[in-house]
Chemist: 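Here it is: the structure, laid out below.
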Amino acid sequence: MDARLQVRILAVAIGAMFFKLAAWGQVHATPPMRFHDVGRQAGLTTVSPTSADKRYLVETMGGGVAVFDCDNDGKLDILVTGDSTIDRYLHGGDPMVTLYHQDGRKGGVLHFTDITQSAGLTTRGWGMGVVVGDFDNDGLPDIYVTGYGHNVLYHNLGGCRFEDVTERAHVGGGGFSVGAAWADYDRDGHLDLFVSRYVHSDIQHLPQPGSPSFNYKGLPIEVPGTEGETSLLFHNRGDGTFEEVSAKAGVDNSEKRRGMGVVWGDYDNDGWPDLFVANDMDANYLYRNRHNGTFEDMGMISGTAVDPSGLELGNMAGDFGDFDRDGKLDLVVTRFGNQPVSLYRNQAEKGFSDITWDAKIGRPSSAPVKWGTGFADFDNDGWPDIFVANGNVSPKVDTLPNEARYREPVQLFRNRGDRTFDEIADSAGLSEGLLQSRRGTAFGDLNNDGNVDVVAYNVGGPPSVFVNETRSSNHRVLFKLIGTKSNRAAIGARVTVHTSTMTQIAEVTGGGSYLSSNDGRLHFGLGSDSTMTTVEIQWPRGAREELHNVTSDRLYTIVEGGGIQGTAALPPPATIQLVKGKAQ
Amino acid sequence: MQRHVERMPRLLRGSTLLFFVAVCFTGSAVRVRAQVTEDPLARHLDAAEASLKNGDQEHAAAEYKAFLGEALHRVANARARAGDLSAAARIFAEALNIAGDDSGLRLDYASVLFDQNRSKDAAVAAQAVVNAEPDNMRGQVLLGRALFEQKEYSGAAAHLEKAAAAGELGEVWHLLGISYLRLQQLDNARSLLRRVVAGLGDTPQNRVAVAMTYYYGDYPDQAIEELKRVIAQNDAIPDAHYFLGLSYLARNEAAGYEKAVPEFRSLLRINSEDFRGHYMLGYIALQQRHFDKAEEELHRAAALNPADEGTQLLLGQLYSDTGRGTQAAEVLRKLIALQGRRAPDSGMVRAHYMLGRVLQQSGKAEEGAAEIRSSEQLRRQLRLNPAEISENRERSAAAGTGNGSEQGSRRAAATPAEQERAQAFIKQLSPVIGEAYYNLGGIAARHQDPAVAQEYLQKAVGWDPTLRAAQRP
C-alpha cells in the first residue's frame, strides 16, 4: 500500500475516533433505552374472566395497576384490577383485584407470587381502577378499588393482609366509578379521596342492536351516549371514616361530564394540591384549590379543558410532570383514536399552551386509542420522558378498515431536552412480544436498580412488566418520604433537586393517570451530576426542609422534620464502553 | 278599568289601521280591500266591535280572542321570517294560550322550536297535533324530524314511514334512510333507497343523494361504493367527488386524507370556484400542519364564500397555530360579530374560546378570560340540548361545518327586504293587538275578574306602550 495512502487512512481513523470521543458527552447523556417484558416469567400469570368480544362500555374500560410495597419489605409489589363479564357480574362478579407479592429473584429475574386470597382481597364485583394511600397514617399502604356497582377500601393490617372497611369508612361510591386519587386537599394531615365516575349504565338494561348508543361505525359496540355520573370527594374525618363533600367543595361534576382518569398536582405552585379530571367526549376539569376546602374549575381558562381550537375530545387520563425543568408542572393528556396526546406546557399566568405538535408528539400519537401515561426519566438523563399505553376498545374494531387496532404497541417518547421528543418504543424493545390492548400504567423501580420500570394493564391477560434494562453512567436518586405532621405517605410532598447543571421538581402522588397508582417513592435522573447541591422538600402541610450536598445513586428515606433517616445504595451507574460506536 | 268604554274610538282606529296594515303589507289597496273583508283578522275584529256595541260582551270577548289568535300567529310567523326565533316562539306560545288548540298554529310553533334547536319541545308540540289528527302529514314529518334530531331513530322512522306511505316520500326519504342506517337496519335502508331510485329516477344525481344517505347514516363504505359507480359513469358531477372525499374521511379521518384529497381536487377541476373543495383542502392541510397550503386554500374559500363561518373559524385556528395572534383575534372577532345573538352552536363556542386563548397568550388576561367565560356559558347552554353536544368522538370535524350538514340550513336567512317588510307588518299590527287586549281587559273588569283584567292590560301595554297612559286614573 502506498505510504501516503496509509497515512491518510490513519488520519481518517484518528479523525473518526476523535469524532466519537467528541460525541461522548452526548452518548453519555442519552444512552439507548432498553426494556424487557418479564411479566409472565416473573410469575404474573393470573387471568380474570373476561368477555371475548367487548361489546359494552363496562367491558371495555378496565383496568388499572398499582406498584406499591404492601409489607414494607423494600420491594415493590404489583396490584392489578380484575375483569369480569356481564353474566358473572350479575351472579356476584369476580375478585376485583389480584395482588402479586415480590418474593425475590428466580433465575436472575424478578419474581412475584399471587397472594390475593391470603391477603384477604376477596371482595367480588367488577374492578376498574386502583389507588394506594395510607388513609389512617399507620405506615401501611391501603388500597382503594374502583369498580362498576361499588368500590372497595382495603385497610392494610400488616404483612400484606387486608380488611374490607368500605362500609365502615362510607366510601362505597356506587355507579360506574373509574378514576380515583388520594390527596390531602385541606392539608389537615389526613388523606382524602377523589373518585370520578363515567356514564350512567344499567347492566340490567344494556343497549341492544338498533339502539343509537349501540353502534360504533356500524358495529354492535356501545358508545358513551348517555350522560355522565357525578364525581365524589371523600373527606377524611381522621377517625377511619369519610364524608362525601364533592358538592360543597365544588368538584361534584353537576354537569355530568363523563369522568375518566384523575390526578392531583400543585400546578400553580401555591403549595396546595389541585386536581385534573379527564372527561371523555367532554371538556376536562382542572380544579384549582382555593385553600378553604373548595375548588374552582380552571379547565377552560387554563387551556387544558379542550384542544387549542376549542374542540371537546375523547380524553382518557393525564399526568403532571415538569418535562422542561422550568419549575412548573406540565400536563400530558391521552385521548381516543385520531386525537393526538396533548402536551400542555405550563406557562404560569398565561395558562397552559398545547405544544404537542411542536414537541413532535402529535403525529405519532394521533392514530391509536391511548390510555395510561406518565412522565418518568427512563434513561436518567435528567429529562422526564413520556410513556403511553394503547389499544382500541374492542377486538371487533379490527374488522374496520383504517381503524386503530385493538392491540397496539406502546409508545415511548424520549425527551430530547429541547421541548421535543423522539418516539423510540421499537428501538427500546417495547414492541417485542405479543401485541396487547392495554389500559392503565404504573411506574416505579421494581428491582431497586435506579431505573424506572413500567407495569401495563393488558386486557384479557396478565399485565406486562417492562423492566428497564437501560444501562448508562447517568446518576439517579430515589427518595422515600415519610410524613409526621403531614399525611404519613407524604402524598402531595414536592421535592426540588438542584445539581450543578439542573433543577428538577417532582411530587408524591396518590394515583397515576389511567385508573392506576405509581410508586410513592420519587425518582430523579441526574445525568452526569453525582451530587445534589440542594434537595428541598415541601411537605404537604407546608413545612420546608433542605438537605445539602447529597450524594446521588442512593435511595434515601426522609422523615418530615427529621431529615435523612435511611440510606440504601443503588447499584453503581454502568461504566460505558464504546463498542462499534454504541454505548454498552 | 272604567275607561274601557271611553276608549272605544281607539278600537275603530285600530280597525282602520288594520286595513292600512294589510294595504302596506300587500302593496295593493284594491286587492287587499277585498281580502280584508274575507280576512279573518278583520272579520273577527269587526264582529268583536259589533258585539261590543250591542252589549254582547261575551261574544265580543270570543271574537277578540279569535282575532288575537290569528294576529299573534301572523306576527309570530313574521318574527320567524325576520330571523327572531326567540320572539317568534314567545308569541306562538301567547297565541296558543289565548286561541286554544289550532293544529296549524301548533305546527308553526313546533317548526320554530325545531329551528331554535329545541327539538324536544318541538316534538311535544308536533305530537299533540299528531295525537289529535293522525292523518296530519305535516305533523308526522315534523315529529319525525324532531325525534331524529334527538337521536330517537326508532320513533323518527315510525313517523317518517307514515309520511312516506302517505305520499311524502320525496320529502322524507333521506331522513328515513338515515334513521334506518342509524338503527343498523341496512336492509330496510337498501329497500327504501331502491324505491327512491325507482320512483325518482335512476339518475347520477339521485344516486349521489342515495350515497349521501349512506354517508350521513355512518355507512361510508356503502357511500363510497355508490359514488365510485357514479363517477365511473360520469366524472363531472361535483357532489360525487365531494361526498366521496367526505366518505373517505368518515371511514377514518386521518387515514382518509390521502384518498380524500384527490377527490376534492377533482371537484375543483370541474369547478375551480367550488367553495367546498377549497374549504376541505384547507381543512385537511391544517390538520396535517401544512400551514402554507392551508392558508392558500382557506383564503380562496373565504373569498368565494365570505359568510361561511366554518372557514373563518379555521382561519382563526390557522393564525393562532402559526403564532399570528393579532390576525387570529381580528378574524375571530369578526366571526363573533357575524354570529350575533342567535342560538349558540359549537362554532360560536369555539370562536369565543380561541379568541380568549389568543388574547391570553398576548398578555390580555382579563379580556381573554372574559371571552373564555362567554364560551363556557354558551357551551353550558348547548349542553341543555343533548342533540347539540359535540358529535361522537370519531366523527370528522369537517362534517360538522356549515358546508355539509345533515339537513342543511334549518331556516333560510331572511333577505333585508323580507326583514323590512316583516318588521313593518309587526309594527303596524302591534297597536291593534294592544287594543284587542285592552278591550278584553275591560270586559274582564266588568265581569269582576281583576286578576285576568290586569293580565290583559299588561299584555296590552306590552304591545302598545301608549296604552300605559290610558290606564292611569
Side-chain angles (χ1 to χ4, degrees), chain A residues 208-220 223-227 255-257 280-283 297-303 305-315 335-340 347 349-354 356-358 362-363 366-367 369 397 400-404, chain B residues 150-154 181-186 217-222 248 250-256 286-289 313-314 316-317 320-321 346-347 349-357 360-363 365 368-369 372-373 375-376 379-380 383 386 389-394 396-397 400:
Chain A
Q208 297 301 313
S211 157
S213 62
F214 198 61
N215 181 0
Y216 178 72
K217 298 188 177 181
L219 294 175
V223 294
T226 55
E227 66 182 2
E255 286 188 28
K256 295 192 175 176
R257 300 180 190 174
D280 189 12
M281 299 166 69
D282 256 317
D297 176 25
M298 301 296 287
M300 285 290 180
I301 294 284
S302 69
V306 290
D307 88 343
S309 73
L311 278 174
E312 295 168 348
L313 299 172
N315 304 289
R335 303 229 165 85
F336 197 72
N338 279 329
Q339 300 170 7
Q347 295 181 294
E349 69 279 359
K350 283 187 178 178
F352 288 77
S353 177
D354 189 333
T356 308
W357 291 91
D358 290 339
R363 203 172 302 278
S366 187
V369 178
V397 300
L400 296 172
N402 303 319
E403 180 73 6
Chain B
Q150 295 169 65
K151 303 187 178 181
E152 296 284 341
Y153 300 118
S154 287
L181 292 169
R182 296 269 170 91
L183 292 166
Q184 297 165 63
Q185 297 173 2
L186 187 57
D218 291 333
Y219 278 76
D221 288 338
Q222 283 72 9
Y248 284 130
R251 255 186 176 175
N252 180 307
E253 180 163 328
L286 184 59
Q287 301 311 306
Q288 294 178 315
R289 319 287 287 181
L313 197 64
L314 289 184
Q317 186 183 341
S320 173
D321 284 354
S346 63
V349 170
R350 292 174 61 202
H352 282 283
Y353 177 78
M354 278 199 278
L355 178 58
R357 292 293 296 160
Q360 275 185 329
Q361 294 296 310
S362 60
I372 291 171
R373 276 195 293 273
S375 169
E376 275 190 282
R379 203 180 290 266
R380 277 196 203 98
R383 285 188 72 87
I389 293 177
S390 316
E391 269 292 20
N392 54 29
R393 52 191 170 185
E394 84 289 349
S396 158

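Below, chains carry the letters A, B, ... as their sequence lines are ordered, and counting in each starts from 1.
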Chemist: May I ask you to decide if Gly351(A)'s main-chain N or O and Ser302(A)'s side chain share a donor-acceptor pair within less than 3.5 Å?
Modeler: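 The answer is no, because no donor-acceptor pair under 3.5 Å joins these two groups.
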Chemist: Is Gln185(B) in contact with chain A via its backbone, its side chain, both, or neither, using a 4.5 Å heavy-atom distance?
Modeler: neither
Chemist: For Arg373(B), check salt bridge (charged side-chain N to carboxylate O under 4.0 Å, His left out) against everything at least two apart and list the hits.
Modeler: none
Chemist: Using non-hydrogen atoms only, which part of Ala367(A) is less than 4.5 Å away from chain B: side chain, backbone, both, or neither?
Modeler: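 Neither; nothing under 4.5 Å.
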Chemist: Give the member of His352(B), Glu376(B), Arg289(B) that has the highest number of heavy-atom pairs under 4.5 Å with chain A.
Modeler: Arg289(B)
Chemist: With a 4.5 angstrom heavy-atom cut-off, which part of Gln347(A) approaches chain B: side chain, backbone, both or neither?
Modeler: side chain
Chemist: Who pairs with Asp297(A) by side-chain hydrogen bond (donor to acceptor under 3.5 Å, both in side chains), at least two apart in sequence or on another chain?
Modeler: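 Per chain and number, Asp297(A) pairs via side-chain hydrogen bond (donor to acceptor under 3.5 Å, both in side chains) with no residue.
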Chemist: Working to the nearest 0.5 angstrom, can you tell me the gap between Ser309(A) OG and Leu286(B) CG?
Modeler: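 Between Ser309(A) OG and Leu286(B) CG, I get 8.5 Å after rounding to 0.5 Å.
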Chemist: Quick check on Arg357(B) against chain A: is it the side chain, the backbone, both or neither that has a heavy atom closer than 4.5 Å?
Modeler: side chain
Chemist: Which one, Glu349(A), Glu255(A), Glu227(A), Arg363(A), leads in non-hydrogen pairs under 4.5 Å with chain B?
Modeler: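 Answer, by heavy-atom pair count under 4.5 Å with chain B: Glu255(A).
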Chemist: Is there a donor-acceptor contact under 3.5 Å from the side chain of Gln317(B) to the main chain of Met354(B)?
Modeler: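 Between the backbone of Met354(B) and the side chain of Gln317(B) there is no qualifying donor-acceptor contact (under 3.5 Å).
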Chemist: Can a donor-acceptor pair be found, under 3.5 Å and without considering hydrogens, that links the side chain of Asn315(A) to the backbone of Asp282(A)?
Modeler: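 A pair under 3.5 Å: yes.
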Chemist: Of the backbone (N, CA, C, O) and the side chain (C-beta and beyond), which part of Gln287(B) lies under 4.5 Å from a heavy atom of chain A, both, or neither?
Modeler: backbone
Chemist: Would you please say whether a donor-acceptor pair under 3.5 Å links the side chains of Tyr216(A) and Glu403(A)?
Modeler: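 Result is yes, a qualifying pair exists.
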Chemist: Between Arg335(A) (side chain only) and Pro340(A) (backbone N and O only), is there a donor and an acceptor less than 3.5 Å apart?
Modeler: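 At least one qualifying donor-acceptor pair exists.
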Chemist: Sort Thr226(A) into side chain, backbone, both or neither according to what part of it lies under 4.5 angstrom from a heavy atom of chain B.
Modeler: neither
Chemist: Using heavy-atom distances under 4.5 Å, tell me whether Leu181(B) contacts chain A through its side chain, its backbone, both, or neither.
Modeler: backbone
Chemist: Could you look at Gln361(B) and say if it's the side chain, the backbone, both or neither that has a heavy atom under 4.5 Å from chain A?
Modeler: both
Chemist: Ala369(B) versus chain A, heavy atoms under 4.5 Å apart: side chain, backbone, both or neither?
Modeler: both
